[in-house]
Structures are given as structure tokens and as C-alpha cells.
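Read through the structure below, which is laid out as C-alpha cells, and then see the notes.
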Amino acid sequence: VEAPAHLPSVIKTFIEQRVAEWQYDPATIDGGNASAVTYVSVGACAIPSEDGETLRLGLDYRGHGPGIVERHARLMPPSYPPDALRRGLSGDFEVILAIAQDGTVEASSIALNKGSQVRSGTLAAFEPTLQLWAKSLRYAPEHVAGHPVAT
């Protein structure tokens, strides 16, 4: 387990020790276990102790998979399409990303979420922007048995 190097050492050590305690199902090839690399997303919280001199740290598992290749590992939203803004269109979308072995990304599916109150042409107005946004992302792919895998 390797936490990001930019973290303060006490937090980095805490994360590495805590995540190493968690149980994961092993990667498999032809029914046998294989070595693997994945990227774990966590939520962290630091709370001052009663004495005010130290911090209590908490850590929650959020998921795992390919790693976002960003300085701060944060997925930025796409720009609002100017045409949709002019037409007063909005929507809540589900975008499923296909991440290739080299970390490039494509939107394999874009759909309006059920229950969205939208007008005609909403998906068509947002789809090109969402496709470009997906292509702009880069991920560090997971590895199984030393080889990058598509996700």
C-alpha cells in the first residue's frame, strides 16, 4: 500500500497501515490467484482530540479501480455546453467510462437519469460535450499479473 507522497507523513502512514488491514478478493486468471495493482479511493477526516493537542483520524473506503491521473486526484466536471445554456436546458446524466489499457478514456454510454425533468433535445445538446470531457480524462489502469487491464 502506497499513499500519495504529498500527504503529511503522519497521515500517509495512517492511511497505509489502515488500508493494508482491509480485505480484498484477489485477482484471478483461469481460476488461480494473480498479482494485481488497483487504486483505492478513501474518505478521510481529522478530528481534534479532547486535549486539543492531537488529532483522531478516520478513514472510509469509497471504492477501487483505475486511478485518476490528476495532481489532486479529483475528477473535474465538464464545461456547460453554450448551446444548452442559451436554450435553458439542463439534465442529470449517467456517463459510463471505458478505460483502455493505456489509460485513455471514452464514454461508452451516456444516458439521462430517470426522473430528470428535461426538454426535447437535452441529450443531443449535452452528448458532444460529455464525449469530449471523457476523452480529456486520463487514468492509471489497474494491472493483473503485471499487465495493464481495460476497465
Side-chain angles (χ1 to χ4, degrees), residues 1-49 54-81 84 89-118 120-151:
V1 175
E2 293 179 27
H6 70 276
L7 294 173
S9 64
V10 67
I11 294 173
K12 184 178 182 310
T13 300
F14 175 79
I15 290 172
E16 289 173 349
Q17 289 173 348
R18 181 69 195 262
V19 172
E21 295 171 358
W22 295 346
Q23 299 289 317
Y24 297 91
D25 289 332
T28 60
I29 296 177
D30 298 326
N33 292 349
S35 64
V37 174
T38 191
Y39 299 86
V40 178
S41 175
V42 299
C45 180
I47 302 168
S49 63
T54 58
L55 294 174
R56 293 179 51 210
L57 299 175
L59 199 64
D60 288 322
Y61 172 82
R62 290 202 175 149
H64 67 279
I68 300 170
V69 178
E70 294 285 332
R71 181 167 176 243
H72 298 290
R74 184 177 169 155
L75 191 62
M76 297 304 293
S79 300
Y80 211 93
L89 299 175
S90 64
D92 182 21
F93 299 90
E94 177 178 277
V95 181
I96 297 176
L97 303 176
I99 300 165
Q101 290 175 321
D102 66 359
T104 58
V105 180
E106 289 195 21
S108 63
S109 172
I110 299 173
L112 281 163
N113 279 333
K114 290 179 173 55
S116 291
Q117 296 179 357
V118 296
S120 176
T122 298
L123 181 58
F126 282 88
E127 191 168 20
T129 298
L130 293 170
Q131 289 283 0
L132 283 173
W133 168 75
K135 287 183 182 292
S136 75
L137 302 173
R138 291 296 173 265
Y139 280 81
E142 294 179 288
H143 286 70
V144 175
H147 301 285
V149 293
T151 305

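Just so it is clear, the structure is predicted and the values come from calculations on it, not from any experiment.
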- Task: Identify the heavy atoms of I15 and A3 that sit nearest to each other, and give their distance.
- Result: CG2-CB, 4.0 Å
- Task: Locate the shortest heavy-atom distance separating P141 from P66; write the atom from each residue and the value.
- Result: CA-CB, 4.4 Å
- Task: Of all the heavy-atom pairs spanning A84 and A125, show the shortest one and how long it is.
- Result: CB-CB, 4.1 Å
- What is the distance from atom CZ of R138 to atom CD1 of I99, rounded to the nearest 0.5 Å? 11.0 Å
- Rounded to the nearest 0.5 Å, how far apart are CG of L130 and OG of S109? 11.0 Å
- Query: If you look only at pairs with a residue in residues 18-29, which of them pass as a side chain to side chain donor-acceptor pair (under 3.5 Å), with sequence neighbours excluded?
  - Reply: none
- Query: What heavy-atom pair brings L57 and F14 nearest, and what distance separates the two atoms?
  - Reply: O-CZ, 3.4 Å
- Is any side-chain heavy atom of V42 less than 4.5 Å from a side-chain heavy atom of Y61? no
- Message: Please report the interatomic distance CD1(I110) to CG(L97), rounded to the nearest 0.5 Å.
- Response: 9.0 Å
- Does the side chain of Y39 reach to within under 4.5 Å of the side chain of I68, using non-hydrogen atoms? no
- Task: Could you tell me which non-hydrogen atom of G91 sits nearest to which non-hydrogen atom of L112, and how far apart they are?
- Result: CA-CD2, 4.3 Å
- Non-hydrogen side-chain atoms of W133 and S79 separated by less than 4.5 Å: no
- Message: Could you check whether any side-chain N or O of E94 sits under 3.5 Å from a backbone N or O of A111, counting only pairs where one atom can act as donor and the other as acceptor?
- Response: no
- Give a yes or no on whether the backbone of T54 and the side-chain of S49 come within a donor-acceptor separation of less than 3.5 Å. yes
- Would you say the side-chain atoms of S41 pair up with the backbone N or O of G63, donor to acceptor, closer than 3.5 Å? no
- Query: Step by step, would you call Y80 with T129 a side chain to side chain contact (heavy atoms under 4.5 Å, CB included)?
  - Reply: CA-CA 8 Å; Y80 211 93; T129 298; over 6 Å; no
- What distance separates L89 CG from T122 OG1, expressed to the nearest 0.5 Å? 4.5 Å
- Note on the structure: When rounded to the nearest 0.5 Å, the distance separating CD of Q101 from OG1 of T151 is 9.5 Å
- State the OG1-CD distance between T38 and E142, to the nearest 0.5 angstrom. 3.5 Å
